[in-house]
Amino acid sequence: MTTRVMAGKVAEMGSALGWGALAASSLVIGAALAFARDWSKPQVGVVLAFGAGALISSVSFELAEEGIAVGGAAATGIGLGLGAVTYFLLDGLIARHFAAGRGRKGRAEGSNAGTALALGAFLDGIPEQAVLGIGIAAGGAVSPALLIAIFVSNLPEALGSSQAMIEAKRSRATVLRLWLIVAAIGTAATVAGYALADGVHGRAQAAIDGFAAGALLVMLIDSMIPDARADLGRVAGLVTVLGFAVAAGLSNLS
């Protein structure tokens with residue numbers, strides 16, 4: 001590997017680190033917003049619905065389409081199934097041992113809400129952040145649509161979970177420390193996603209894209225979309241379409 005190529009890889013790795021930290025920072029911002037005031041369910045629902053639509057767009061155009069293009073439908077499909085089953089089993093493990101059910105609301109209602117919400121945030125955030133690194137490895141630059149989708153989807157996760165933890169008598173220092181740790185892990189996941197995708201090509205890269213897409217789709221159906229519908233009502237569908245349209249437009253421009 002030449003010095004120029006090596007320098008380029010180091011620059012891309014630094015880019016993955018920086019963009020990953022920016023995307024993950026919305027977790028800490030969400031916690032700070034929860035400290036500042038109480039947020040109504042419709043307000044949280046708007047952000048959830050918009051973020052869900054943006055993530056659906058990212059799964060469609062940044063992951064599934066890219067995976068099929070570089071490695072074919074079969075490899076992407078295998079990865080899709082593995083990612084979906086992996087997320088499903090891990091989310092079920094959290095729901096069974098720490099929470100009252102699946103999703104943010106189930107985690108908040110459990111007897112050990114703090115642990116359940118922390119593990120849930122970790123599980124939800126890893127695929128999103130890894131996808132950002134995968135995108136940088138594939139194109140050498142960050143996708144604005146994907147960055148916005150992850151940033152926006154992180155806000156209600158942190159905001160709603162922080163409110164639940166505060167209501168469960170967790171101190172603000174404990175809540176903030178939790179989200180700083182989750183944000184740091186999410187940033188590391190972006191770098192790991194870049195490193196993994198940068199070292200493979202063809203079918204293996206397609207399988208990685210599919211794996212991330214599968215995990216995100218199950219998370220959307222199990223958590224974000226039901227929560228958005230519960231918080232916002234039927235309007236959630238319209239806001240979801242808006243999020244999809246904005247992210248798809250940005251993806252097309254980039």
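With sequence neighbours excluded, the residues that form a side chain to side chain contact (heavy atoms under 4.5 Å, CB included) with Leu27 are Asn154, Ala158, Trp179, Val182, Ala183. Arg234 meets the side chain to side chain contact (heavy atoms under 4.5 Å, CB included) test with Arg229; sequence neighbours excluded. Shown here are the side chain to side chain contact (heavy atoms under 4.5 Å, CB included) partners of Val85, two or more places apart in sequence or in another chain: Leu89. For Ser25, there are no side-chain hydrogen bond (donor to acceptor under 3.5 Å, both in side chains) partners, not counting sequence neighbours. Looking at residues two or more places apart in sequence or on another chain, you find a side-chain hydrogen bond (donor to acceptor under 3.5 Å, both in side chains) between Gln43 and Arg37, Ser40. Remark: Ala23 pairs with Gln129, Leu132, Leu147, Ile150 by the side chain to side chain contact (heavy atoms under 4.5 Å, CB included) rule, at least two apart or across chains.
The shortest distance between side-chain heavy atoms of Asp231 and Leu48 falls below 4.5 Å. You'll find the side chain of Leu17 stays beyond 4.5 Å of the side chain of Thr190, heavy atoms only.
Of all heavy-atom pairs between Gly51 and Met224, the closest is C-CE, 3.8 Å. Listed here is the closest heavy atom pair of Thr240 and Ala52: CG2-C, 4.4 Å. Minimum interatomic distance between Phe35 and Arg172 (heavy atoms only, all atoms of both residues): O-NH2, 3.2 Å. The minimum heavy-atom distance linking Asp209 with Leu63 is given by the pair CB-O, 3.6 Å. The shortest non-hydrogen separation linking Ala75 to Ala206 is CB-CB, 4.0 Å. Minimum interatomic distance between Ala24 and Thr187 (heavy atoms only, all atoms of both residues): CB-OG1, 3.8 Å.
Note: the hydrophobic cluster containing Val47 does not contain Leu238 (ILVMFWY, side chain heavy atoms under 4.5 Å, direct or indirect links). Linking Ile, Leu, Val, Met, Phe, Trp and Tyr residues whenever their side-chain heavy atoms come within less than 4.5 Å places Val246 and Val46 in a single cluster. One hydrophobic cluster, built from ILVMFWY side chains closer than 4.5 Å, holds both Val239 and Ile221. In the hydrophobic cluster analysis, where Ile, Leu, Val, Met, Phe, Trp and Tyr join through side-chain heavy atoms closer than 4.5 angstrom, Val59 is grouped apart from Val241. Following chains of ILVMFWY side-chain contacts shorter than 4.5 Å, one can reach Ile56 starting from Phe50, so the two form part of one hydrophobic cluster.
Note that the CZ atom of Arg177 and the CG atom of Leu180 stand 9.5 Å from one another [nearest 0.5 Å]. In this structure, CG in Leu220 is found 9.0 Å from OH in Tyr87, a value given to the nearest 0.5 Å. Once rounded to the nearest 0.5 Å, the distance linking CZ of Phe151 with CH2 of Trp19 reads 11.5 Å. In this structure, CG on Leu216 lies 11.5 Å from CD1 on Ile126, to the nearest 0.5 angstrom. Going from atom CG of Asp227 over to atom CG of Leu232 covers 12.0 Å, rounded to the nearest 0.5 Å. Asp222 contributes atom CG, which lies 7.0 Å from atom CZ of Phe88 (distance to the nearest 0.5 angstrom).
At least one donor-acceptor pair under 3.5 Å links the side chain of Thr76 to the backbone N or O of Ile68. Side chain of Ser57 to backbone of Gly53: no donor-acceptor contact under 3.5 angstrom is found. Formation of a donor-acceptor pair under 3.5 Å by the Thr86 side chain with backbone atoms of Leu82 is found in this model.
Each of Leu33, Leu159, Leu155 was evaluated against Ser26; a single residue qualifies, Leu155, per the side chain to side chain contact (heavy atoms under 4.5 Å, CB included) test.
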